[in-house]
Each structure stands twice: as C-alpha cells, then as structure tokens.
Colleague: 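Handing you this structure, nothing more for now.
Residue numbering restarts at 1 for every chain, and letters A, B, ... go by the order of the sequence lines.
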Amino acid sequence: MPEGPSIIILKELVTPFAGQKVIAVSGNSTLPIDRATGKKIIDFKSWGKHFLICFKDFSIRIHFLLFGSYRINEEKEGTPRLRLSFKNGFINFYACSVKIIEEPLDDTYDWSADVMSEDWDPKSARKKLKRAPAMLACDALLNQDIFSGSGNIIKNEVLYRTKIHPLSKIGSLPPQKLSELIDEVRNYSFDFLKWKKAYVLKKHWLAHTKKTCTRCKGPMQKEYLGTTRRRTFFCPVCQKLYD
DNA sequence: CCGGTTGTTCAGCG
DNA sequence: GCGCTGAACAACCG
C-alpha cells in the first residue's frame, strides 16, 4: 500500500466524494474524528505517503505505514480505524495512522519535496542533498523531507537504474550523477504508478527482491543498509560505489 | 505456522 | 538537550 504512487491511485479513486458532505463518521480511532460529521470535503490532497482529507477549518491526515489499507464502497473483515459515509458511498481506512491537522496545509507541507507533485522541485532537492554530503544514497532515497513519497522499492529500483551503489556518499556523487539520481526518483515513481495501476508492478522490478542482475547476470546482493537498516538489493558489480 | 515486510514514532540511552 | 538506536506497532502473504 504505502509508497507515494499508491496514494495517487487512492486520490483518484475517491474523486466521487470530493465536494460531498460527510453524513456519518465511525471507526476505532481515538481522535475526535466525529468532528467531520456534517462537514463538506473541500478537497483530497496528498504529500508523499500522506493522504489528506481537507475540510474548511482542518484536515485529516491518513498514513498507511506498512500495513494500512482501505476499501471504497466495500466491507472488509475487522473494524475500520476511520469510516466516512456519503450519500453516494463510503470509504473505510484500516490499520492506519490518523492525525488531525489544524493549521493550513501550506504551513505544514513543503509541496516541492513531493516527488509526484506538480510542485516537485528538483533544484530544491539538490540543495537539501548538498547540505548533507555524508548521507548515504540509500538513506537519501528514504528521506521524506527530500524525496517525499519515495519508499524502499523506489529506493532499490532508482539506485539500480542509475547504477549507484547504495553505500555511496551523496557528497561524492559527480554533479551529473546527482542530477540523474534526483530525476530518476520522479521518473521511476511515475513508472511505478503506471505499472501499479495495471497490476504489473512486480513484473517490472529489476532490483527489488531480485537474485540475479539483469545486466551482468551476476548475483544480486541483499543487505540491510543505512540508518534504518532497510532491505537493500543491489548489484555489487554494476552499481558503482562513490566513496 | 512462522517469519518477514512498500513505514514511522518514540522511549531510553550515552 | 542532543543524536542515535532499537523496540513497538500492524496485517497479510508465502
């Protein structure tokens, strides 16, 4: 569920409810979610992996983390964390993190960091990366302040596509390689979106979960790298270490 | 049936 | 008070 492109799909699926009044709210969330009852949804937005339900005076932020899910006009086993009903249907969110945001979203979110956004600004990402020369490439690609929406799959695929070893230091990447990295996060995210919609995402993985390198036919390496020790798949031959 | 994971937050430590 | 690390949480697949 979680990476940025999946949230774009959700946003598209809920468009029938944009502008609709919430006629009932339920769920096992401990927050005062009933506040949405009777209120009109102004818009649905997203920032990376955050799904945002916007009302006039506040917003509800949904984060699916690793295991969250949703159903639209469809039930599923278990109590939803949040359920919003409309006269033309309902949305259920399960096992997700719910947060209420009081301030205007423009005050909370740096839209230029969102890889899928029309406000995405590669120059801004570059500036942030320049400020963190010691950061490892595998950590940079999971950093939501720099690449909001990028996740572990996107990380592995982008490093493989750009032939950058996950343990490369950001400050050691030649300028053109750095540009390539930044551009490829957005490029691959849109491929991810296209393939996910067509239910063929896994088929197109070149690195993630792979045992053999499609380029050199050598073995792929699997290690738990970076500050978060996330699963990292890479080809030690084709992906160059910039140290 | 158990182990593992497309993620994040927070307590506890030095 | 800071940065870092590991635990906790969650549900479903293989």
Side-chain angles (χ1 to χ4, degrees), chain A residues 1-13 27-31 46-52 60-71 74-83 92-101 108-110 113-116 131-161 166-167 184-211 220-234:
Chain A
M1 171 70 332
E3 301 195 32
S6 302
I7 304 300
I8 300 292
I9 293 172
L10 168 58
K11 212 165 58 172
E12 290 175 8
L13 292 173
N28 62 14
S29 168
T30 54
L31 297 179
S46 61
W47 181 81
K49 302 165 190 169
H50 297 210
F51 177 64
L52 302 159
I60 297 177
R61 187 212 72 176
I62 303 289
H63 197 305
F64 292 99
L65 294 107
L66 213 43
F67 308 115
S69 61
Y70 63 85
R71 291 291 185 280
E74 192 185 311
E75 300 293 349
K76 178 186 127 156
E77 197 73 13
T79 313
R81 177 115 333 130
L82 174 67
R83 175 190 176 98
N92 285 349
F93 298 99
Y94 305 87
C96 55
S97 158
V98 177
K99 206 171 152 183
I100 294 175
I101 300 174
T108 314
Y109 291 110
D110 169 11
D114 182 355
V115 165
M116 306 289 293
R131 267 184 259 132
M135 190 184 276
L136 302 180
C138 59
D139 285 328
L141 287 166
L142 293 175
N143 187 310
Q144 301 300 296
D145 293 328
I146 306 174
F147 297 112
S148 173
S150 174
N152 207 37
I153 296 172
I154 295 175
K155 174 195 82 178
N156 284 326
E157 293 299 312
V158 167
L159 290 173
Y160 184 80
R161 282 182 167 199
L167 294 177
E184 200 51 39
V185 182
R186 183 167 163 97
N187 283 342
Y188 178 72
S189 294
F190 280 96
D191 282 341
F192 185 124
L193 175 63
K194 176 181 71 192
W195 290 328
K196 177 101 184 170
K197 279 181 176 173
Y199 305 102
V200 292
L201 179 65
K202 280 186 197 187
K203 201 179 85 181
H204 289 274
W205 285 345
L206 295 177
H208 199 249
T209 73
K210 291 297 170 183
K211 293 209 159 54
M220 293 289 281
Q221 217 159 312
K222 175 191 168 187
E223 284 186 55
Y224 292 81
L225 303 180
T227 52
T228 52
R229 310 276 145 80
R230 298 295 302 280
R231 212 158 54 127
T232 308
F233 296 87
F234 62 100

Colleague: Side-chain contact, heavy-atom cut-off 4.5 Å: H50(A) with Y109(A)?
Modeller: yes

Colleague: To the nearest angstrom, how far is L142(A) atom CG from dT5(B) atom P?
Modeller: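 Those two atoms, CG and P, are 14 Å apart.
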
Colleague: Looking at R83(A) and E75(A), is there a salt bridge between them, counting it only when a charged N and a carboxylate O are closer than 4.0 Å?
Modeller: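 Salt bridge between E75(A) and R83(A), a charged N being under 4.0 Å from a carboxylate O: yes.
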
Colleague: CD of E77(A) versus P of dC12(C): gap in Å, rounded?
Modeller: 9 Å

Colleague: With respect to the phosphate group of dT8(B), does any side-chain polar atom (N or O) of K49(A) fall under 4.0 Å of OP1 or OP2?
Modeller: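 Yes, within the criterion.
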
Colleague: Look at the side-chain N and O atoms of K76(A) and state whether any lies under 4.0 Å from the OP1 or OP2 oxygen of dC12(C).
Modeller: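 So the side chain of K76(A) is within the cut-off, an N or O lying under 4.0 Å from OP1 or OP2 of dC12(C).
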
Colleague: In whole angstroms, how far is the C1' atom of dT6(B) from the CD1 atom of I154(A)?
Modeller: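 Going from CD1 in I154(A) over to C1' in dT6(B) covers 8 Å.
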
Colleague: Which atoms form the tightest heavy-atom contact between I101(A) and T108(A), and what is the distance?
Modeller: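 Residues I101(A) and T108(A), closest heavy atoms: CG2-OG1, 3.9 Å.
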
Colleague: Go nucleotide by nucleotide along DNA chain C from the 5' end; which of Y94(A) and K202(A) gets its closest nucleotide reached first?
Modeller: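 Final value for this comparison: Y94(A).
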
Colleague: Give the minimum heavy-atom separation between C96(A) and L65(A), together with the two atoms involved.
Modeller: C-CD1, 4.4 Å

Colleague: For DNA chain B, produce a single dot-bracket line, 5' to 3'. Pairs: Watson-Crick or G-U wobble, both distances under 3.5 Å. Symbols: ( ) within strand, [ ] crossing, | other strand, . unpaired.
Modeller: .||||.||||||||

Colleague: Atom OH of Y224(A) and atom C1' of dT5(C): how far apart are they, to the nearest Å?
Modeller: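 Atom OH in Y224(A) sits about 18 Å away from atom C1' in dT5(C).
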
Colleague: Can you tell me how far C1' in dC4(C) sits from the matching atom in dT6(B), rounded to whole Å?
Modeller: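 Nearest-Å result for dC4(C) against dT6(B) at atom C1': 25 Å.
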
Colleague: Between F233(A) and A207(A), which heavy-atom pair has the shortest distance, and what is it?
Modeller: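 For F233(A) and A207(A), the tightest heavy-atom pair comes out as CB-O, 3.2 Å.
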
Colleague: Between atom CD in E3(A) and atom P in dT8(B), what is the gap in whole Å?
Modeller: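 These atoms are roughly 9 Å apart.
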
Colleague: It should be established whether R231(A) places a side-chain nitrogen or oxygen under 4.0 Å from OP1 or OP2 of nucleotide dT6(B).
Modeller: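 The answer is yes; a side-chain N or O of R231(A) sits under 4.0 Å from OP1 or OP2.
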
Colleague: Look at E3(A) together with K196(A) and state whether they make a salt bridge at an N to O cut-off of under 4.0 Å.
Modeller: no

Colleague: I need the single residue from L52(A), I7(A), L10(A) that forms a side chain to side chain contact (heavy atoms under 4.5 Å, CB included) with S46(A). Which is it?
Modeller: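 Considering L52(A), I7(A), L10(A), a side chain to side chain contact (heavy atoms under 4.5 Å, CB included) with S46(A) is found only for I7(A).
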
Colleague: Which nucleotide in the list dT8(B), dT6(B), dA10(C) gets nearest to the side chain of F192(A)?
Modeller: dT6(B)

Colleague: Looking only at side-chain atoms of F67(A), point me to the closest of dA11(C), dG4(B), dT9(B).
Modeller: dA11(C)

Colleague: Nearest to the side chain of K222(A), which nucleotide is it out of dT5(B), dG7(B), dT6(B)?
Modeller: dT5(B)

Colleague: Taking only N and O in the side chain of R230(A), is any of them less than 4.0 Å away from OP1 or OP2 of dT5(B)?
Modeller: no

Colleague: Could you state the atom-to-atom distance from CZ of R229(A) to P of dT5(B) in whole Å?
Modeller: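 Answer to the nearest Å: 14 Å.
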
Colleague: Can you find a side chain N or O atom of H208(A) that sits less than 4.0 Å from OP1 or OP2 on dT6(B)?
Modeller: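 So the side-chain polar atoms of H208(A) do come within 4.0 Å of the phosphate oxygens OP1 or OP2 of dT6(B), strictly under.
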
Colleague: For L66(A) and dG3(B), what is the distance between atoms CG and C1' respectively, to the nearest whole Å?
Modeller: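 That distance rounds to 14 Å.
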
Colleague: Measure from CD on E157(A) to P on dT6(B) and round the result to the nearest Å.
Modeller: 12 Å

Colleague: Yes or no on side-chain hydrogen bond (donor to acceptor under 3.5 Å, both in side chains) for R61(A) and S97(A), after CA distance, side-chain angles and deciding distance?
Modeller: CA-CA 8 Å; R61(A) 187 212 72 176; S97(A) 158; 2.9 Å; yes

